[in-house]
Undergrad: 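Next up is a structure, given as structure tokens.
Chain identifiers are assigned alphabetically (A, B, ...) following the order of the sequence lines, protein sequences preceding nucleic acid strands; residue numbering begins at 1 within each chain.
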2 protein chains.
Amino acid sequence: MPPVKSRPVDKYDRRRDELAESALLTLGEMGYARASLREIAGNSPFSHGVVHYYFQDKTELVIYSVRYYKARCVTRYDAVVRDSESAVELVEAFADKLAQTIRDEAPMHRLWYDLRTQSMFEEPLRAAITEIDAALEAMIWRVVTRYATLAGATPSTPAPTAYAMLDGLFQQALLAYTTAGEPVLDGLAAQVRIVMPLLAR
Amino acid sequence: MPPVKSRPVDKYDRRRDELAESALLTLGEMGYARASLREIAGNSPFSHGVVHYYFQDKTELVIYSVRYYKARCVTRYDAVVRDSESAVELVEAFADKLAQTIRDEAPMHRLWYDLRTQSMFEEPLRAAITEIDAALEAMIWRVVTRYATLAGATPSTPAPTAYAMLDGLFQQALLAYTTAGEPVLDGLAAQVRIVMPLLAR
DNA sequence: GCCTTCGCTTGACACTTGTCAAGAAAACTT
DNA sequence: AAGTTTTCTTGACAAGTGTCAAGCGAAGGC
């Protein structure tokens, strides 16, 4: 049994994180449906049985993993927001970061969209997905409001709208990147340069 | 064996369509990964073995089905485009239709996003998805250019950008509709009223 | 009226899946 | 050093998967 009241909760949690990290590798590569626990364990230092020692079931592992990942993501553009001193500079830095994260972490983003879509079919995923999506919306909204401020304008849409549209852009870019690779990313940056001015006036 | 050179291709194809129709029911309800061939056949007048009589494998059935469905969809807004006589009228009719199709065909749209996402993990899906996505982009572009004309303006983004953004809006609405239901749809219409003017100026 | 082809069902196959119990190994306690 | 608890492995289970071969009734040609 997992230690119910033991002291080294940190040790226990560190293993969970370790498992989550391995799980993310496999999930990102194969997607939610095709990543079996044996495959996940295979890409980890452990055997397949260990998952049920640290997690109740596959769903809990997946949710824990994606939370674990997205916790780091929602601050991705904070430096951009903080350091940019003009609207143009912010747009450039933002566009760069967007392209860069597709380049560096495409599997993770694929997984995110996979899980978000699966949440429409599997109720147990919904709570976590909704929460993370809200955090992402807030992250994007910080960018947009900061842009508006720097441009001496006000946002032309509410936060959910701005997020939905930029997310649509990002998702299309990710999709295209999957088949066409690198060249797509310039297009994404170009799109962002066109769209951001529409979002504040 | 399936009839290789027989005359009644129509009969053969009609069965394929029938199968596709049944498959769409199950796929829309359970999603791509969880819809087994037995389940699909269970929601049809046939037994589970018949699938391999009309289709080579599951992938072919799924692709055929989603093509079958989307073929009818890509004309969804053509009447709106044709009949609207002012920019405002077009926006209203477009927003209405968007909300209506979520109300009426949410499972189909969920399936579409599911498959589009899966195509990032499974190469065999890509060709069909790419093709359909292009058709959807064209469909949306007809709406946007018509709007621009009626508004005496020109589109402020290229077609892929406009599509990506409106698709993002739609997807977010579908997601919210899945958990919150009907009330979400008014929000979608409101968003469309805000966004369309941004897309042409 | 036989015989071939077509349309479909049935039942099996090989394999994968999540889950869990039993117990080995390691770590810690005393 | 012995005992206890934690950690992890192994092997099995039942259920479910896509696929396909064997066969059955009906249709249609001769």
Undergrad: Atom CD1 of B/Ile40 and atom C1' of D/dT17: how far apart are they, to the nearest Å?
TA: 12 Å
Undergrad: So that I can tick it off, tell me whether A/Arg103 and A/Asp96 are bridged by a salt bridge, with the cut-off set at under 4.0 angstrom between side-chain N and carboxylate O.
TA: no
Undergrad: Name each donor-acceptor pair under 3.5 Å that joins a side chain in residues 23-31 of chain A to protein atoms two or more places apart or in another chain, with its distance.
TA:
unit_1	atom_1	unit_2	atom_2	d
A/Thr26	OG1	A/Asn43	ND2	2.9

Undergrad: Does A/Glu182 have more than 12 heavy atoms from other residues, nucleotides or ligands lying within 6.0 Å of its CD?
TA: yes
Undergrad: Could you report the tightest heavy-atom contact between A/Ala128 and A/Ile63, atom names first, then the distance?
TA: CB-CG2, 3.6 Å
Undergrad: Would you mind building the protein contact string for nucleotides 10-24 of chain C? One character per nucleotide, 5' to 3', B for base within reach (heavy atoms under 4.0 Å), S for sugar-phosphate only, - for untouched.
TA: BBB----SBB-----
Undergrad: For A/Ala200 and A/Ala153, work out which heavy atoms get closest and say how close.
TA: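 The answer is C-CB, 3.9 Å.
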Undergrad: OP1, OP2 of D/dT7 versus side-chain N and O of A/Tyr53: anything below 4.0 Å?
TA: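 Checking D/dT7 against A/Tyr53, a side-chain N or O does come within under 4.0 Å of OP1 or OP2.
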Undergrad: Roughly how many Å is it from OH in A/Tyr12 to P in C/dC28, rounded to a whole number?
TA: 17 Å
Undergrad: Are B/Lys97 and B/Glu92 within salt-bridge range, i.e. N to O under 4.0 Å?
TA: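 No, this pair does not count.
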Undergrad: C/dG7 P sits how many Å from B/Arg15 CZ, rounded?
TA: 9 Å
Undergrad: Once you round it to whole Å, what is the distance between C1' of D/dC8 and CZ of A/Phe55?
TA: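 After rounding, the reported distance stands at 15 Å.
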Undergrad: Starting from the first five and the last five pairs of the helix from C/dG1-D/dC30 to C/dT30-D/dA1, work out the angle between the resulting helix axes, to 10 degrees.
TA: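 Between the first-five-pair axis and the last-five-pair axis there is 10°.
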Undergrad: Are the aromatic ring centres of A/Tyr64 and A/Tyr54 under 6.0 angstrom apart?
TA: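 Centroid separation for A/Tyr64 and A/Tyr54: 6.0 Å or greater.
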Undergrad: C/dC8 C1' sits how many Å from B/Arg16 CZ, rounded?
TA: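 Distance, rounded to whole Å: 16 Å.
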Undergrad: Pair A/Arg34, B/Glu122 - check side chain to side chain contact (heavy atoms under 4.5 Å, CB included), show working.
TA: CA-CA 10 Å; A/Arg34 301 160 65 91; B/Glu122 294 182 48; 3.3 Å; yes
